[in-house]
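The next block holds one structure in the form of structure tokens; read it before the comments.
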Amino acid sequence: MAKSNNLKYELVSTFRRLHAVVNRCKKLGETALDFETTSLSPASGRVRLVSLRNTKTRVLVDFDRIKGGFGKCARLFEGGTWIVFYSGFEGRWFRAAGADPMLYDVGFLRRAILGGGRFSLANMALWDLNIEMSKDEQASDWGSRLTRSQLDYAYFDAYVTWRLWRGWAKQADEGHWSAFHMLNDMVPAVIEMEDAGMLFDSEQHAKLVKDWYKIHRQKTKLIRGLVPTGEVANINSDSQWSDYFAARLPDTILSGWPRTEKTGQLSMKVETLRRLGAHFHGTPMQTFMDGLADYKKVSKYLSSFGESLITSANLAHDGRIHARYNIGAAKTLRFSSSGPNVQQTPRDFDLLGKFTSIRKSFVAPRGMRLVSLDYSGIELRVLALLSGDEQLLDDVVNGDVHAEVAAVVAGAPIDRTTRAGKAARQSAKGISFGIIYGSGAMGLAATMRTSVDRAQGYIDFWQDRYPDAFRLRYDMMDEVSRTRRIRMVEGGTVYMGKKPDLPKCANYPVQRAALSVMAMAIKRHKNSLDDCRWAEKQKRSRMLATIHDALIDEAATRDAKLLLKIMERDMIAGYLDIFPGAPTERLVEGGTGPSWGELN
DNA sequence: CGAGAACGCGCG
DNA sequence: AAAGCGCGCGTTCTCG
């Protein structure tokens, strides 16, 4: 790329000049800002360079040449509004230096307008400005004498950030700004959660893992007793198992065996293995297919939730698992979690007759408790509110949607106390989820393992009882046809491409509304905790995690019950922020306890 | 050898 | 035209 005048900048190396520049930025309004640091964390490094860019400012500051460095200057930035990419990074450095300036994350503006995503500054530069950013200097040494190329590189980030901000701000309307602030305002809470992490009981967990290895060995032995490596070389290879079964089983079985989408192999899902294995009832083939299913199950837990979690905890030196919570990562702006993804931590389950709880390994420290609440049935509730469906709202708040639907499926009212009644209700949940996910009769029939006719009957009933809720999807389809976007409850939009897609049109507004409710709750709850701590009460209370419709905190044991009430208040208030005047009965449920697996 | 596709599966 | 949503991550396997 050709060097242009855009890339000329002033190198600032005195406090006096910095002071003047920052003051002018504050007067002008928003200014793009970017750090180059000597390490990734304030605990082990320092801020070397700050680049600044707005309509009138083109500056690169070298803090190694200013007495006291960044630490002495950080508070100068308070009172301004600074545009950054991934504000969690700059925010931590400012906070470590005792400063708390207003940071706006340009990525959030893009997400508010198009609908989520995870991307780097280089991605945005390429997609939105058609600029290729080199990464050559990214990992270079920012601690010693800097080359011209390093200085240019450092300034270029602020230049790109500024252009991106200008571009997106130009097309943002009032609703987009509301979605932007919804995301931006969650940053302090997310920093708190990521820095806190969750204490992990590695000793306790190691016992679980040991049990899993034992089962793993047993099942390997069983499988290898029947199928030696000469026939299937890799026991973990689904495609090799597919070949194995395809060569040995009769067409009557193979014709009914589901195939994978891209390659057409026999699908090796655990559920499929068990279902088809039942066709060989009482034979060695069933023993074998069940054994393979067991093997796959325990392999999953070993590879995803075994030693890797222990390693995560040990890696962090405080024995805690520090997951990341990626704000607005999903198209609907839901969070994602990574490194590890604690949002996918298994619920308690039965492993070959043995009760197993991975969540019990996530514990509160001595003298403390975990505090957690979740919004119950939030998606059906917000669907009712978004669509103004009085019947659905009444059933969700005062009745039992799943029981109503189950009664139709059964042809008579169900008894929730019997095993059959519970199963019927559980199955009916699938119908309502199908509706929320925009399923047609085909998809619902496949999921529920019933006929298309029956599935259509369920959908018809649902539409008949909840007509307004059912119509929402078609209103959204219309909107997409006209605008290629869906306007979400808090004002943001999701770009839907050229073709309206029914399942997405049915689901996105619901998923987004649930996120918006949680976003309000998270912001309120962080403020509540800051207030508590400021008042020297609940000094040890912290936010730890958000699992989509749930929050987890940690508090001293004597504070736990009070914190639970505060959390409840904040979550209800967050819901009312999005749906003023909506009914709040039975909105949240949860409790406190010594671990994530034991909350009462 | 590394990157990416495909598949499967954990969660809400 | 295609039709249950959204994620992250582990493993295998192919491709260059």
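If you check every strand for non-hydrogen atoms under 4.0 Å, A/G339 touches sugar and phosphate atoms only. Counting non-hydrogen atoms under 4.0 angstrom, A/S239 reaches the backbone sugars and phosphates but no base. Among the protein residues, A/D374 comes within range of no part of the nucleic acid, since none of its heavy atoms lies under 4.0 Å from any strand. A/F335 comes within contact range of no nucleotide atom at all, as no heavy-atom separation falls under 4.0 Å. At a threshold of 4.0 angstrom between heavy atoms, the contacts of A/G115 with the nucleic acid are absent.
Here C/dA3 presents its C1' atom at 13 Å from OH of A/Y508, a figure rounded to the nearest Å. Put simply, CG on A/D501 is 9 Å from P on C/dA3, counting in whole angstrom units. C/dG6 atom C1' lies 15 Å from atom CZ of A/R111, rounded to whole Å. Between A/L333 atom CG and C/dC7 atom P there is a gap of 10 Å when expressed in whole angstrom units. As a whole-Å value, the separation of A/R473 CZ from C/dC5 P is 12 Å. As rounded to whole Å, 19 Å separates atom P of C/dA1 from atom CE of A/M496.
Counted by atom type alone, A/S337 and A/Q343 present zero donor-acceptor pairs between their side chains at under 3.5 Å. If you check the side chains of A/Q265 and A/S242, you find no donor sitting under 3.5 Å from an acceptor. A/N326 and A/S338 share a donor-acceptor pair across their side chains, judged by distance under 3.5 Å alone. When only modelled atom types and interatomic distance are considered, A/S432 and A/W462 share a side-chain donor-acceptor pair under 3.5 Å.
Contact check, A/S237 against C/dC13: a side-chain N or O comes under 4.0 Å of OP1 or OP2. Within the structure, every side-chain polar atom (N or O) of A/N236 is placed at least 4.0 Å from both OP1 and OP2 of C/dT11. The phosphate of C/dG8 has neither OP1 nor OP2 within less than 4.0 Å of any side-chain N or O from A/S338.
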| field | Worked verdict on A/R274 versus A/D294 for salt bridge (charged side-chain N to carboxylate O under 4.0 Å, His left out) | value | CA-CA 9 Å; A/R274 291 202 195 283; A/D294 291 340; 2.7 Å; yes
| message | Walk me through whether A/I223 and A/F288 qualify under side-chain contact (heavy atoms from CB on, under 4.5 Å). | response | CA-CA 6 Å; A/I223 292 165; A/F288 166 63; 3.9 Å; yes
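Salt-bridge check for A/R524 with A/D577: passed, with a basic side-chain N closer than 4.0 Å to an acidic carboxylate O.
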| Going 5' to 3' along nucleotides 5-12 of chain B, which nucleotides have protein heavy atoms under 4.0 Å from the base (write B), which only from the sugar-phosphate (write S), and which from neither (write -)? | -SSBBBSB
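Map A/M477 and A/A329 each onto its nearest nucleotide of DNA chain C; the residue landing nearer the 5' end is A/M477.
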